[in-house]
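Below is one structure, written out as structure tokens; the observations come after it.
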Amino acid sequence: MSDNKTNAPSAEWPLWEVFVRSKAGLDHKHCGSLHAADPKMAIQLARDVYTRRQEGVSVWVVPSSQIVASDPGEKAMLFDPMEDKVYRHPSFYQLPESVNHM
Amino acid sequence: MYTQAMSVGPQDTSAKIKSAEEARAEAAFEARIAAGEFIEAKDWMPDHYRKTLVRQISQHAHSEIVGMLPEGNWITRAPTLKRKAILLAKVQDEGGHGLYLYSAAETLGTSRDQMLDALHTGRAKYSSIFNYPTLSWADIGVIGWLVDGAAIMNQVPLCRCSYAPYARAMIRVCREESFHQRQGYEALLVMMQKGTPEQRAMVQEAVNRWWWPSLMMFGPADKDSPNSEQSMRWGIKRISNDDLRQKFVDATIPQGELLGVTVPDADLRWNEARGHYDFGAIDWPEFWRVVGGDGPCNRERLATRVKAWEEGAWVREAALAHAKKQASKQASQAQTA
């Protein structure tokens, strides 16, 4: 994900984040960013830059300025509480061998 | 292609007095690096770490873009349609590599225009290898084999760089780079095995010209790279210049033997005790001359870049004006609807 805190002059084409679906049935995955004047050009350039070797069957482009991200400073507050909740995982539960495929 | 480890970047100013909070943040950062963690764009990082990365990644990006020029020279003169298609694909890849890298550098808070301005005004460096001319078709094969081979040697360890956006860009680059080296070697193999005596001589002549500049791609000797140690500690650099250079020589000499070419080094010999090839002294004055701007093609390369940038200005402006017009048209249509 790109940081938008640049002091780019206004003549620079806007920044877009590119998401590629590598094959039918899979999620779109973030793969990079690029500059383009408008959505159509962003799709065209994403195709040229990120799928030259059949890496994708579909692309999304999103203006980078539209992405809302969690604050790295709040990482501990947001994600650490899950650390001690092992009972959320199936492996937490010990079952007899005969039903352990459950 | 790749960045040249030149250690001519900003000096570390971390010795200056820090606030207690800064010192704490820096200690936490060092601990993360020591634990092998990756640093992301929005994480706190020391100013010098950021500056070192901006310099290295932008220099690397510039190398990709300028690297398109020596090869582009042969697109219209490739001997067959097959070789032309391959060369076009390779040059397009280099443009793509430049884009991945510029994007990675932009995450550090520098803009694309600022980086290009630094290149165009001569403040930023790019790899010295691209200041040598491509005089024959064999040069295209030799660039793939030696120059891209050296680039791979340098770039594979960068896939584990502590700065994650750079590491991710390098993974993408390395996946594509192998094609570059293999197509070059194969083009040379065809000429050496099925070609005429003139073609074989052309290959040998190209190897003679590119061998030493390729070894120079790994940058100054370790003893002359005072900033390397800091970069190693920060996980920006993983293997020293001299170690990478040795690795490259060891890997390349057997490939040359199979090809049937020699390298222009009378001192080259296998050292059984070391388990490595010994090789002759690099012409460092030449290296610094080329880095300093006085190589065979420095002025021509920069002038070509500046010309392309300036002559493309109206296209960039027109595309933006078109986008604005379309957006306002859509907005007014939405209002009337």
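In this text the structure is predicted, and so the values were computed from the model without any measurement.
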For this session: Take A:R53 and B:D93 through the side chain to side chain contact (heavy atoms under 4.5 Å, CB included) test and state the conclusion after the steps.
Result: CA-CA 10 Å; A:R53 291 178 175 80; B:D93 275 355; 2.5 Å; yes
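- A pairwise comparison of heavy atoms in A:W13 and B:L320 identifies CD1-CD1, 3.6 Å as the closest pair.
- For B:R175, no part sits under 4.5 Å from any heavy atom of chain A, backbone or side chain.
- If you measure heavy-atom distances from B:Q92 to chain A, the contacts under 4.5 Å come from both the backbone and the side chain.
- No donor-acceptor pair under 3.5 Å is formed between the side chain of B:R316 and the backbone N or O of A:A11.
- The most heavy-atom pairs under 4.5 Å with chain A, out of B:G96, B:A327, B:A319, come from B:A319.
- The interface of residues 74-98 of chain A with chain B, defined by heavy-atom distances below 4.5 Å, is empty.
- Closest of all the heavy-atom pairs between A:S33 and B:S103 is O-OG, 3.2 Å.
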For this session: Under the side chain to side chain contact (heavy atoms under 4.5 Å, CB included) rule, what do A:C31 and B:R172 come out as? Steps first, then yes or no, please.
Result: CA-CA 9 Å; A:C31 72; B:R172 199 173 285 281; 3.2 Å; yes
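- Sequence neighbours left out, the pairs with a member in residues 38-72 of chain A that pass ring-ring contact (aromatic ring centres under 6.0 Å, His included) are A:H28-A:W60, A:Y50-B:Y100.
- Per-residue heavy-atom pair counts under 4.5 Å with chain B were compared for A:L34, A:L45, A:D38, A:D71, and the maximum is reached by A:D38.
- Nearest heavy-atom pair across A:A37 and B:A323 is O-CB, 3.3 Å.
- In this structure, the separation between CD on B:E106 and NE2 on A:H35 is 3.0 Å, given to the nearest 0.5 Å.
- A salt bridge links B:E176 and A:R52; the closest N-O separation between the charged side-chain nitrogens and carboxylate oxygens is under 4.0 Å.
- Using a distance-only test at 3.5 Å, with no hydrogens or angles considered, no donor-acceptor pair links the side chain of A:E12 to the main chain of B:S111.
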